[in-house]
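A short write-up of the structure that comes next.
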Amino acid sequence: MIGKLKGTIDEIGDDYVLVDVHGVCYVAFCSARTLSRIGSVGEACILFIETYVREDQLKLFGFMTALERDWFNLLQSVQGVGAKVALAILSTLTPGELANAIALQDKTSISRANGVGPKVAVRIVTELKNKAPAFAGEASANIGLKQELGEGVASAPVADAVSALTNLGYSRDQAANAVAAAMKTAGDAPDSAKLIRLGLKELSR
């Protein structure tokens with residue numbers, strides 16, 4: 001099994017990169033986001049690899065980070081999501097954006113990816129909502145609050161603070177991030193006014 005490739009970019013195609021590792025070239029299929037960030041032909045690169053072995057083929061899928069590779073595998077645990085659709089989703093959303101969309105039950109954001117219809121988007125946010133925190137990366141501290149917001153079980157002060165910030169023109173995701181950060185310094189049982197004030201301070205950074 002191949003877990004990582006370190007080499008030189010030999011060629012970049014529409015959906016793959018050819019990596020030269022000491023004279024042996026490997027084809028790794030990648031998301032559009034990875035291909036846009038990997039670099040140019042002749043430059044050094046490192047790719048985290050997921051190896052697929054089938055009876056009639058062997059395929060390598062390449063990712064800039066181990067977290068992106070983890071999401072690639074997690075997405076395929078959902079019925080109707082194969083490697084192609086998983087790559088399409090990761091081409092549209094970063095791992096952090098994907099974790100946020102699932103926590104907020106934001107089916108619209110996920111359905112923007114090619115090949116993801118409404119039914120598949122619903123399955124993704126439903127089946128992965130309890131798994132998202134473990135795959136949220138740096139955003140993991142905010143995911144629990146966002147899940148509560150998405151499920152309508154967040155406390156009244158929190159929900160009111162997020163709603164107030166949203167009414168001021170911030171996106172729901174920005175508002176949720178700000179309130180989650182505010183809660184870390186707000187003390188015990190803060191009211192909505194305090195959360196709004198601290199949330200605005202976070203948004204002004």
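Worth knowing before you read on, the calculation uses all heavy atoms, side chains too, and leaves out hydrogens, waters and symmetry mates. Numbers here are sequence positions counted from 1.
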Apply side-chain contact (heavy atoms from CB on, under 4.5 Å) to [X] and list each qualifying residue two or more places apart in sequence or on a separate chain.
X     : result
Val41 : Ile9
Gln57 : Arg54, Lys59
Val53 : Thr51, Leu58

Flag yes if [X] and [Y] sit in one hydrophobic cluster, no otherwise; membership is Ile, Leu, Val, Met, Phe, Trp, Tyr, and two members link when side-chain heavy atoms are under 4.5 Å apart.
X      : Y      : result
Ile2   : Leu18  : no
Phe63  : Leu98  : yes
Leu60  : Leu87  : no
Ile12  : Phe48  : no
Leu200 : Val162 : yes

- Message: Could you check whether any side-chain N or O of Thr126 sits under 3.5 Å from a backbone N or O of Val122, counting only pairs where one atom can act as donor and the other as acceptor?
- Response: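 Yes, Thr126 side chain to Val122 backbone: donor-acceptor pair under 3.5 Å.
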[atom2] on [Y] to [atom1] on [X], rounded to 0.5 Å:
X      : Y      : atom1 : atom2 : result
Thr65  : Leu67  : OG1   : CG    : 5.0 Å
Ser91  : Arg112 : OG    : CZ    : 12.0 Å
Ile196 : Asp160 : CD1   : CG    : 7.5 Å
Leu90  : Phe61  : CG    : CZ    : 11.5 Å
Leu128 : Ile102 : CG    : CD1   : 4.5 Å
Lys119 : Lys107 : NZ    : NZ    : 14.5 Å

Please give me the minimum heavy-atom distance between [X] and [Y], naming the atom from each residue.
X      : Y      : answer
Val17  : Cys30  : CG1-SG, 3.7 Å
Ile89  : Ala113 : CA-CB, 3.7 Å
Ala28  : Leu47  : CB-CD1, 4.1 Å
Gly115 : Val85  : O-CG2, 4.1 Å
Gly7   : Val19  : CA-CG1, 3.9 Å
Leu195 : Pro190 : CD2-CG, 3.8 Å

- Message: Filter on side chain to side chain donor-acceptor pair (under 3.5 Å), then keep only pairs touching residues 32-49, sequence neighbours left out; what's left?
- Response: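 Residue pairs passing side chain to side chain donor-acceptor pair (under 3.5 Å), neighbours aside: Ser31-Thr34, Thr34-Glu68.
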- Message: Once side chain to side chain donor-acceptor pair (under 3.5 Å) is applied, what residue pairs with a partner in residues 191-203 remain, sequence neighbours excluded?
- Response: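 Listed once each, the pairs are Glu202-Arg205.
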Under the side-chain hydrogen bond (donor to acceptor under 3.5 Å, both in side chains) test, which residues partner [X], sequence neighbours left out?
X      : answer
Asp106 : Ser109
Glu127 : none
Tyr16  : Glu11
Ser171 : Gln174

- Task: Could you work out the complete set of other residues in the hydrophobic cluster of Ile46, with links drawn between I, L, V, M, F, W and Y side chains under 4.5 Å apart?
- Result: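 Listed partners: none, Ile46 stands alone.
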- Just grab all the salt bridge (charged side-chain N to carboxylate O under 4.0 Å, His left out) pairs involving residues 12-22, residues at least two apart or on different chains.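 Output for this query is empty, none listed.
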Between side-chain atoms of residues 72-81 and protein atoms elsewhere (two or more places apart, or another chain), which donor-acceptor pairs fall under 3.5 Å?
unit_1: Asn73; atom_1: ND2; unit_2: Glu50; atom_2: OE1; d: 3.1
unit_1: Asn73; atom_1: ND2; unit_2: Arg69; atom_2: O; d: 3.4
unit_1: Gln76; atom_1: OE1; unit_2: Tyr52; atom_2: OH; d: 2.6
unit_1: Gln76; atom_1: OE1; unit_2: Ala83; atom_2: N; d: 3.2
unit_1: Gln76; atom_1: NE2; unit_2: Tyr52; atom_2: OH; d: 2.5
unit_1: Gln76; atom_1: NE2; unit_2: Phe72; atom_2: O; d: 3.2
unit_1: Ser77; atom_1: OG; unit_2: Leu74; atom_2: O; d: 2.6

